[in-house]
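To keep things clear, I will list the structure first and then write my remarks on it.
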Amino acid sequence: MISILLDVLGGALLLIGLVLLTISLAGVLRLTDTYVQLHAQGLATGPGVIAVLASSIATEDATIITFAVLAIVFVALTSPVSAHAIARAAHHRDGRNAPGPRGRGDGEDEDRV
């Protein structure tokens with residue numbers, strides 16, 4: 001009985017993760033601004049990947065589940081850092097008078113970098 005429940009839960013998590021990854025991929029391909037693409041990318045690297053990795057619970061194998069948990073921790077720790085680095089690089093690439101993430105374009109947000 002518990003095996004069937006874990007299979008259903010694992011399948012549901014896998015389906016949710018794949019749907020989130022597909023939506024995120026469409027967002028990255030469709031959106032033009034780097035900052036907006038980062039928003040779409042955050043959907044993939046956050047809940048999408050975590051849901052796919054969490055679906056490993058259906059395997060009922062302790063080794064696989066342990067590696068999945070370690071991967072979830074790694075993704076949760078490194079995803080915000082990488083997104084920040086990409087946004088900062090885009091900000092520097094665009095120059096000082098380019099519109100910032102809030103679209104002001106007055107260079108006022110340069111003081112916070």
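Note that this is a predicted model, so its numbers are computed, not measured.
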**Prompt:** Would you call T34 and R93 a side-chain contact if the rule is heavy atoms closer than 4.5 Å?
**Reply:** yes
**Item:** Minimum side-chain heavy-atom gap D94-Y35 below 4.5 Å
**Value:** yes
**Request:** Any chance you could lay out the side chain to side chain contact (heavy atoms under 4.5 Å, CB included) test for D33 and L38, step after step, and finish with the verdict?
**Result:** CA-CA 9 Å; D33 188 18; L38 276 174; over 6 Å; no
**Item:** Intermediate values then yes/no, side chain to side chain contact (heavy atoms under 4.5 Å, CB included), T32 and V36
**Value:** CA-CA 7 Å; T32 57; V36 182; over 6 Å; no
**Request:** Run the numbers on I86 and Q37 for side chain to side chain contact (heavy atoms under 4.5 Å, CB included), then give the verdict.
**Result:** CA-CA 10 Å; I86 292 170; Q37 286 177 337; over 6 Å; no
**Asked** Atom CD1 of I57 and atom CG of L5: how far apart are they, to the nearest 0.5 Å?
**Response** 9.0 Å
**Message:** Against V52, only a single residue in L20, L13, L14 fulfils side chain to side chain contact (heavy atoms under 4.5 Å, CB included); can you say which?
**Reply:**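 For V52, the side chain to side chain contact (heavy atoms under 4.5 Å, CB included) test succeeds with only one of L20, L13, L14, which is L14.
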Under 3.5 Å, which donor-acceptor pairs link side chains of residues 58-70 to any protein atom two or more places apart or in another chain?
from, atom 1, to, atom 2, distance (Å)
T59, OG1, S56, O, 2.6
T59, OG1, D61, N, 3.4
E60, OE2, S3, OG, 3.1
D61, OD1, T63, N, 3.4
T66, OG1, A62, O, 2.6

**Non-neighbouring partners of I50 that pass side-chain contact (heavy atoms from CB on, under 4.5 Å), sequence neighbours left out** =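 With neighbours one apart ignored, the set is I72.
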**Request:** Name all pairs fulfilling the side chain to side chain donor-acceptor pair (under 3.5 Å) condition that reach into residues 19-31, sequence neighbours left out, sorted by first residue then second.
**Result:**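 Found none.
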**Asked** Would the number of heavy atoms belonging to other residues, nucleotides or ligands and lying under 6.0 Å from CD1 of I4 be above 12?
**Response** no
**Request:** Please check if L21 and L53 belong to a single hydrophobic cluster, counting links between Ile, Leu, Val, Met, Phe, Trp and Tyr side chain heavy atoms closer than 4.5 Å.
**Result:**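 Shared cluster, yes.
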